[in-house]
K.L.:
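What follows is a single structure, and I will ask about it in a moment.
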Amino acid sequence: MADKNAAEAIECLRPFATRVLLPSYYPEREFRPQDLKALWKRARVDAEVVKDIQSALRLVRNSGSSENRSILVAGSFYLAGAALSQLRK
């Protein structure tokens, strides 16, 4: 059941995704980043597992022009809070 819900969520996000970064984070929940990477691959979107949210945001910041770039953090309130904390630095 959890796999189906994740696949459905990915299908909803797919039209907006140009790059997917999957950080490991605490507390770990039902899905490991490697599991989500496989689901994104099935949706035909490139995904990359990264060490943590700091690494993910560093990759985004160093990826070139910030013009018309949006960042979507999805998965949990914990992950969103960690991202906001890093973005405010």
Side-chain angles (χ1 to χ4, degrees):
M1 182 68 154
D3 182 51
K4 181 179 179 191
N5 292 338
E8 288 175 0
I10 286 170
E11 198 57 36
C12 290
L13 295 172
R14 188 172 59 86
F16 307 101
T18 56
R19 183 177 190 191
V20 176
L21 301 172
L22 302 162
S24 297
Y25 59 96
Y26 178 84
E28 288 192 26
R29 297 291 181 186
E30 291 184 55
F31 292 103
R32 298 175 311 137
Q34 296 82 356
D35 299 331
L36 293 171
K37 180 179 179 177
L39 291 173
W40 279 103
K41 185 176 181 178
R42 274 193 257 160
R44 293 187 287 289
V45 175
D46 289 330
E48 178 182 348
V49 175
V50 295
K51 178 181 173 186
D52 51 29
I53 191 67
Q54 294 87 352
S55 300
L57 293 173
R58 193 175 314 110
L59 283 170
V60 170
R61 286 181 173 140
N62 294 333
S63 66
S65 172
S66 62
E67 186 177 324
N68 297 320
R69 181 175 52 198
S70 298
I71 301 171
L72 171 67
V73 178
S76 71
F77 288 119
Y78 177 86
L79 184 61
L84 283 172
S85 175
Q86 290 299 311
L87 288 168
R88 289 183 178 141
K89 290 183 178 182

K.L.:
Indicate the atoms forming the closest heavy-atom contact of Pro23 with Leu21, along with that distance.
P.N.:
CD-O, 3.3 Å
K.L.:
Is there side-chain contact between Trp40 and Leu13, with heavy atoms separated by less than 4.5 Å?
P.N.:
yes
K.L.:
Report yes if some heavy atom in the side chain of Arg19 is under 4.5 Å from a heavy atom in the side chain of Glu48; otherwise report no.
P.N.:
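Yes, side chains in contact.
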K.L.:
For Ala43 and Arg14, work out which heavy atoms get closest and say how close.
P.N.:
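The answer is O-CD, 2.9 Å.
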K.L.:
Nearest 0.5 Å, what's the CG-CG distance between Leu57 and Leu84?
P.N.:
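Between atom CG of Leu57 and atom CG of Leu84 there are 9.5 Å.
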K.L.:
How long is the straight-line distance from NZ of Lys37 back to CG of Asp46, given to the nearest 0.5 Å?
P.N.:
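Between Asp46 CG and Lys37 NZ, I get 9.0 Å after rounding to 0.5 Å.
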K.L.:
Mind checking whether Val20 and Leu72 sit in one hydrophobic cluster, side chains of I, L, V, M, F, W, Y counted as touching below 4.5 Å?
P.N.:
yes
K.L.:
Is the shortest heavy-atom distance from the side chain of Val50 to the side chain of Arg58 under 4.5 Å?
P.N.:
no
K.L.:
Does Leu87 form a side chain to side chain contact (heavy atoms under 4.5 Å, CB included) with Arg61? I'd like the steps, not just the answer.
P.N.:
CA-CA 10 Å; Leu87 288 168; Arg61 286 181 173 140; 3.6 Å; yes
K.L.:
Out of curiosity, Arg32 CZ to Leu22 CG, how far, rounded to the nearest 0.5 Å?
P.N.:
12.0 Å
K.L.:
Against Ile10, only a single residue in Asn5, Val45, Leu39 fulfils side chain to side chain contact (heavy atoms under 4.5 Å, CB included); can you say which?
P.N.:
Leu39
